[in-house]
Each structure stands twice: as C-alpha cells, then as structure tokens.
Amino acid sequence: MENRKTYQLLDKKTLNKSYVRWMMYNLVATSFEFLEALGFAYAMQPIADKLYKENPGKRKNMLKRHSIFYNTEPQIGALINGVVCGLEEQKALGKSEIDDSFINSLKVGLMGPVAGIGDSMIPGMLIPILLSIGMGLSSNGSVLGPLFYIIFYNSIIVFGTRFLFFKGYELGAESVDLFVGKKAQKITQAFSLLGVIVVGGVAASYVNLNLPIVLDFGSSTIDIQQILDGIFPKLLPAILVIGSWYFMAKKGVSPIKMIAAYFILAFGGVGIAYLVQIFF
C-alpha cells in the first residue's frame, strides 16, 4: 500500500471522473455483442488519458482491450472498475507481473461472482425492502412513499458504489479473494435466500385477491371467501404469485403481457360482479 501512495499516477479527480462515467453510462450503446463493454471503455478513457498521455499507441491499446464483451451487475460492479483502475496504474508503473492478459482475465473472472452478489443484493433484496416500506407509507395516499424510495435508494447506491469503486482501486488484485472463494458463494446464497423471503413478505402484504361470492339460502348464507380464509388464509394471492412466477419463469411470458392479462381479468371480474348485483 505504501508503494501505491509513493508511486501514484492517478489522482482523485481522474478516479472520480471514471467512477461518474461508469455510474451514468454503464448501459450506454448496449447490444448482445458488447452489453456493458462500451460503457466500461468510456469509464476507462480518463484513466487511459492520464496514464498514457505521451503514448497514444498504448492509450489506444488499453481502450481497445476494454471494449470487448463485458457484463455484470453495474452497482456492485463498480468495484471491478476500481480494481482495473488500480491494475492499469500498476502496469503503467512497470510492474512486470501485471500485463494485458492478467488484467483481462481478472476482469472477466470477477464478472460472474460480482453479478451473483449484486443481483441478490440490489433487485433481490434492497429494492423490494425499500418498495415495501414506501408502499406502506403511501397506503393512505401520502407522497412520503415515493420520496422515501427515491431518497434512500439513490443515497445507498451513490455512497455504496463510490465506496466499492475506491476500495477496489485500493485493494487491486487482492480483492479477488473476496469474491471468488467459498465465502463469496455462501454470501451469494444468503442474499438470494433473503431476497426470496423479502419478495414473499411483500407478496403476502400487498397482493390481494378475493372471491366476493356469497350464497344466499334464505335462512342462511355461505361466504366462499370466508371459508377459504378459514382453510388457508391468503390462498388465492399465493396461487396468483406462484402462477405469475410459473408463466414468466417457465413459459417465458413477458411482464407486460402478464400485466395486460391481469387488467383484463380484473376488469372482467368487476364487471361480472356488478352485473350479478344488478340482476340477482
């Protein structure tokens, strides 16, 4: 660490510029051939400009290396950008053990583990938790719900990704042990399980489906929904959630089509209930 502080080519302004470019443009010009590659290369441009200001050939070679296929979870993936910045700096300082192949291999090797952790943490855990709190705050029509989500999500992402980026730059190749070992696999599994629990809790709290069917026999009535709740509370919402998962995960039905189907079913169900009340 002392060597890095003594022989340092990258200043904080350059690193900040690279970090901001990644966070703002990580999905720019995406395609199946490149995905996040061009966003990664754009984020590396300030680093290349700083390291090889007097050598356009090496600058071009560095940006070309970072324009090949790349894909990971972009928020947690900010750590990889920091690692690569640190390794590129050490390579420019003349460290013989760090070459183009080493940097590319490390970068590609970290994509999968970081994506697994990031997908479990961000869309699998963080977003459902914040949305569930926001929906609770907005249940009476309050604007506090969306404000809570916007402020807390962006604060966590900005400060968290910035920390990861500079921590990756500080650790360099040492950060590999944190993401490709057995501990990393256990962490990924733990976050995946937590994400499933959170999604299940959100579904149980906010998904509602009732059967407003009451059979009138003159002297007595039978409430179908009350009977179902007595046998298995929230049975219909559970069936709806499991059915949604089945159609999207197993049959490849898009979320847009599912929303359209729910709209038609809800509209038809309300219409039928209204007609039953009028005529019966």
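Below, all heavy atoms of this structure are taken into account, side chains as well, without hydrogens, waters or symmetry copies.
Listed by chain and number, the residues in a ring pair (Phe, Tyr, Trp, His ring centres under 6.0 Å) with F34 amount to none (sequence neighbours excluded).
Although no hydrogens or angles enter the test, the distance criterion places no donor-acceptor pair under 3.5 Å between the side chain of N61 and the main chain of G57. A distance-only check finds no donor-acceptor pair linking the side chain of T14 to the backbone of I47 [under 3.5 Å].
At least one side-chain heavy atom of Y70 sits less than 4.5 Å from a side-chain heavy atom of I80. Side-chain atoms of M23 and V158, non-hydrogen and from C-beta on, never get closer than 4.5 Å to each other.
Under the salt bridge (Lys or Arg N to Asp or Glu O under 4.0 Å) criterion, the residue pairs touching residues 34-50 are D11-K50, D49-R59, with sequence neighbours excluded.
Heavy atoms of other residues, nucleotides or ligands lying less than 6.0 angstrom from CE of M248 number more than 12. No more than 12 heavy atoms of other residues, nucleotides or ligands shown are found within 6.0 angstrom of OH on Y246.
The two residues P128 and I122 make their nearest non-hydrogen contact at CD-O, 4.1 Å. Counting all heavy atoms, side chain and backbone alike, G39 lies closest to V28 at CA-CG1, 3.9 Å. When all heavy atoms are compared, the tightest approach of F148 to L130 is CE2-O, 3.7 Å. Scanning all heavy atoms of the two residues, the minimum distance from M44 to M62 falls at O-CE, 4.0 Å.
Rounding to the nearest 0.5 Å gives a distance of 11.0 Å between CG of N81 and CG of L15.
The pair K167-E170 meets the salt-bridge criterion, with a side-chain N (NZ, NE, NH1 or NH2) lying under 4.0 Å from an Asp/Glu carboxylate O.
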Side chain to side chain contact (heavy atoms under 4.5 Å, CB included) evaluation trace for Y149 with L137: CA-CA 10 Å; Y149 179 80; L137 293 174; over 6 Å; no
